[in-house]
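Accompanying notes for the structure given below.
Quick caveat: nothing in here was measured; it's all calculated off a predicted structure.
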Amino acid sequence: MKVDRELDCRGLLCPLPALETRRALERCPPGTRLRVVCTDPAADLDLRALCDETGDRFVACVERDGELHLTIERRRA
């Protein structure tokens, strides 16, 4: 899957991955795909809730070697 930017949130615990993701998305133009790499198992639910709140699109969540690779598409400016 093509992504435009990546955010490393490994080692951060709730709510920091969601806060860092929000900040990163605010700097992205519409249509940007952001991959967030996390080790916090709660990040999946937190980032889905963030997308519901912001109107951005939660694209995918894949687990690899104990890490979550979450992809979000920026929908609004």
Side-chain angles (χ1 to χ4, degrees):
M1 176 182 312
K2 177 189 169 290
V3 295
D4 303 298
R5 298 183 187 182
E6 187 165 296
L7 177 63
D8 185 352
C9 289
R10 285 175 258 197
L12 300 180
L13 297 175
C14 179
L16 293 176
L19 293 173
E20 292 297 323
T21 300
R22 179 187 296 272
R23 287 184 191 125
L25 286 168
E26 288 172 352
R27 295 187 301 268
C28 293
T32 300
R33 283 199 173 184
L34 174 68
R35 176 178 293 137
V36 183
V37 181
C38 298
T39 50
D40 181 1
D44 182 22
L45 294 175
D46 292 343
L47 295 186
R48 287 176 191 269
L50 175 67
C51 288
D52 288 342
E53 181 183 318
T54 64
D56 297 313
R57 185 168 78 96
F58 189 92
V59 177
C61 177
V62 177
E63 184 175 351
R64 287 188 211 138
D65 300 323
E67 297 177 342
L68 295 176
H69 293 248
L70 305 111
T71 305
I72 298 170
E73 183 178 318
R74 182 70 167 158
R75 287 286 178 110
R76 60 184 182 86

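We find the CG-SG distance between L13 and C38 to be 10.5 Å, quoted to the nearest 0.5 Å.
Within the structure, every pair that satisfies the salt bridge (Lys or Arg N to Asp or Glu O under 4.0 Å) test and touches residues 62-71, not counting sequence neighbours, is listed here: R10-E67. Among residue pairs with one or both ends in residues 11-30, those qualifying as salt bridge (Lys or Arg N to Asp or Glu O under 4.0 Å) are E20-R23, R22-E53; sequence neighbours excluded. Within the structure, every pair that satisfies the side-chain hydrogen bond (donor to acceptor under 3.5 Å, both in side chains) test and touches residues 28-43, not counting sequence neighbours, is listed here: R33-E73.
Residues that satisfy the side-chain contact (heavy atoms from CB on, under 4.5 Å) test with A49, not counting sequence neighbours, are absent from this structure. Residues meeting the salt bridge (Lys or Arg N to Asp or Glu O under 4.0 Å) test with D56, sequence neighbours left out: R74.
With a 4.5 Å cut-off between side-chain heavy atoms of Ile, Leu, Val, Met, Phe, Trp and Tyr, the cluster of L16 takes in L12, L19. Applying the under-4.5 Å side-chain rule to Ile, Leu, Val, Met, Phe, Trp and Tyr, the cluster around L34 extends to L7, L25, V36, L47, L50, F58, L68, L70, I72. Side-chain heavy-atom separations under 4.5 angstrom define the hydrophobic clusters, and V62 shares its cluster with no other residue.
A salt bridge links R48 to D44: at least one charged side-chain nitrogen sits closer than 4.0 Å to a carboxylate oxygen.
Shown here for R75 and P30, the closest heavy-atom pair between the two residues is O-CB, 4.1 Å.
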